[in-house]
Amino acid sequence: MNYITVHDKTFQPFIYEAEIQIAVSKIGERIAQDYAGKHPLFIGVLNGAFMFCSDLLKSVDVPCEVTFVRLSSYDGITSTGEVRSIVSLQEDIEGRDVILVEDIVDTGLTMQKAMASLSELKPSSLEIASLLVKPDCLQCELDIKYKGFEIPEKFVVGYGLDYDGLGRNFKDIYQLKQE
Ligand code: IMP
């Protein structure tokens with residue numbers, strides 16, 4: 001097995017690039033169908049969703065725009081439960097069809113806060129696309145319309161996801177090595 005080391009931890013392969021690309025294309029095709037004749041605005045959540053957002057847009061075959069916000073709730077490998085907004089939205093989203101693009105939903109608190117803040121700006125529709133979801137970790141009600149994979153309660157890195165800043169550049173997704 002091709003293990004990788006990030007900081008002090010060893011990770012093992014979990015979801016390979018080819019599977020990720022298939023899942024991302026499927027989400028993009030679904031979005032293209034659902035938004036036919038519309039002009040959606042994708043809001044990628046930095047830093048983790050930059051890679052997913054970039055690949056996703058390549059398979060969305062309708063005119064669309066993209067922008068980014070930066071939110072943070074993680075410290076090391078655990079969620080702090082407190083969501084901080086670091087870069088806020090510059091665009092006017094009133095009356096727009098908005099899709100919030102996230103790398104992974106864990107407790108769901110980041111997305112809950114982002115959805116609440118964005119709803120106040122009166123978009124005509126607002127949905128979530130998340131590549132990964134950890135259903136066992138969810139601490140709130142969240143309607144995630146577009147998801148790539150449901151995964152168990154495991155810490156993962158790669159394909160945009162980091163462990164304390166490192167590991168985002170791997171093409172595959174890795175999970176903490178099982179002892
Ligand atoms: P939530 O608010 O607990 O849902 O956390 C969501 C954010 O935590 C994501 O945007 C990621 O930045 C980070 N996160 C959650 N789980 C993981 C993981 O397994 N690996 C890397 N980052 C994670």
Side-chain angles (χ1 to χ4, degrees), residues 15 17-74 79 83-135 137-151 156 158-162 168-173:
I15 308 174
E17 182 186 11
E19 296 169 76
I20 298 170
Q21 292 303 334
I22 291 169
V24 173
S25 305
K26 281 191 185 153
I27 298 174
E29 285 157 19
R30 261 188 74 202
I31 290 176
Q33 279 174 4
D34 294 351
Y35 290 81
K38 295 184 177 167
H39 180 161
L41 171 66
F42 290 85
I43 303 181
V45 181
L46 295 173
N47 292 333
F50 76 95
M51 212 177 267
F52 172 44
C53 198
S54 148
D55 283 343
L56 179 64
L57 260 74
K58 293 178 205 162
S59 29
V60 175
D61 193 14
V62 293
C64 58
E65 290 172 57
V66 63
T67 188
F68 293 90
V69 290
R70 187 161 181 203
L71 310 167
S72 178
S73 71
Y74 247 69
S79 178
V83 181
R84 291 174 293 143
S85 168
I86 302 155
V87 175
S88 47
L89 191 66
Q90 306 297 317
E91 287 75 9
D92 178 6
I93 63 163
E94 186 170 347
R96 298 291 310 268
D97 292 301
V98 173
I99 301 164
L100 197 49
V101 182
E102 176 65 310
D103 54 352
I104 185 163
V105 174
D106 183 301
T107 62
L109 297 172
T110 306
M111 281 298 91
Q112 191 187 42
K113 171 165 181 194
M115 293 292 276
S117 310
L118 292 174
S119 299
E120 286 174 11
L121 303 174
K122 303 192 176 74
S124 67
S125 68
L126 180 57
E127 301 292 351
I128 299 174
S130 183
L131 178 66
L132 304 170
V133 181
K134 298 182 192 170
C137 300
L138 273 175
Q139 290 179 16
C140 55
E141 286 269 312
L142 203 59
D143 181 15
I144 306 167
K145 184 157 185 187
Y146 304 103
K147 353 179 180 179
F149 303 90
E150 291 195 341
I151 65 166
V156 293
Y159 195 71
L161 292 136
D162 74 311
R168 297 191 194 277
N169 50 319
F170 293 105
K171 292 177 184 148
D172 307 306
I173 294 174

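This chain uses plain numbering: 1 for the first residue, then up along the sequence. Keep in mind that this is a model prediction, so the values were computed, not measured.
Heavy-atom contacts from other residues, nucleotides or ligands closer than 6.0 Å to CG of Asn169 number more than 12.
The nearest pair of heavy atoms linking Ser59 to Val24 is OG-O, 3.9 Å. Listed here is the closest heavy atom pair of Glu17 and Lys171: OE1-CD, 3.5 Å. Smallest separation of non-hydrogen atoms from Pro123 and Val98: CB-CG2, 3.9 Å. Of all the heavy atoms in Phe50 and Gly160, the pair that sits closest is CE2-CA, 3.8 Å. Nearest heavy-atom pair across Tyr146 and Tyr35 is OH-CE1, 3.4 Å. Residues Leu138 and Gly108 share a closest heavy-atom pair of CD2-CA, 3.9 Å.
Annotation: the span from Asp61 atom CG to Glu29 atom CD amounts to 9.5 Å, rounded to 0.5 Å. The CD1 atom of Ile15 sits 12.0 Å away from the CD1 atom of Ile22 when rounded to the nearest 0.5 Å. A distance of 7.0 Å separates NZ of Lys38 from OG of Ser124, quoted to the nearest 0.5 Å. Here Ile43 contributes atom CD1 and Ile93 contributes atom CD1; the two are 5.0 Å apart, rounded to the nearest 0.5 Å. With rounding to the nearest 0.5 Å, the separation of CD1 in Ile128 from CD1 in Ile99 is 11.5 Å. Atoms OG and CG, from Ser130 and Leu100 in turn, are 9.5 Å apart once rounded to the nearest 0.5 Å.
Counting heavy atoms from C-beta outward, Asp162 and Asn47 have side chains that stay 4.5 Å or more apart. In this structure, the side chains of Lys145 and Arg30 come closer than 4.5 Å at one or more pairs of heavy atoms. Considering only heavy atoms from C-beta on, Ile104 comes within 4.5 Å of Ile151 through its side chain. At least one side-chain heavy atom of Leu89 sits under 4.5 Å from a side-chain heavy atom of Leu121. Here the side chains of Val45 and Met111 are in contact, with some heavy-atom distance below 4.5 Å. Contact check for Leu131 versus Met51: no side-chain heavy atoms found under the 4.5 Å cut-off. Using a 4.5 Å cut-off on side-chain heavy atoms (C-beta onward), Asp55 and Ile20 make no contact.
Between Arg96 and Glu91 there is no salt bridge, since no side-chain nitrogen of the basic residue lies less than 4.0 Å from a carboxylate oxygen of the acidic one.
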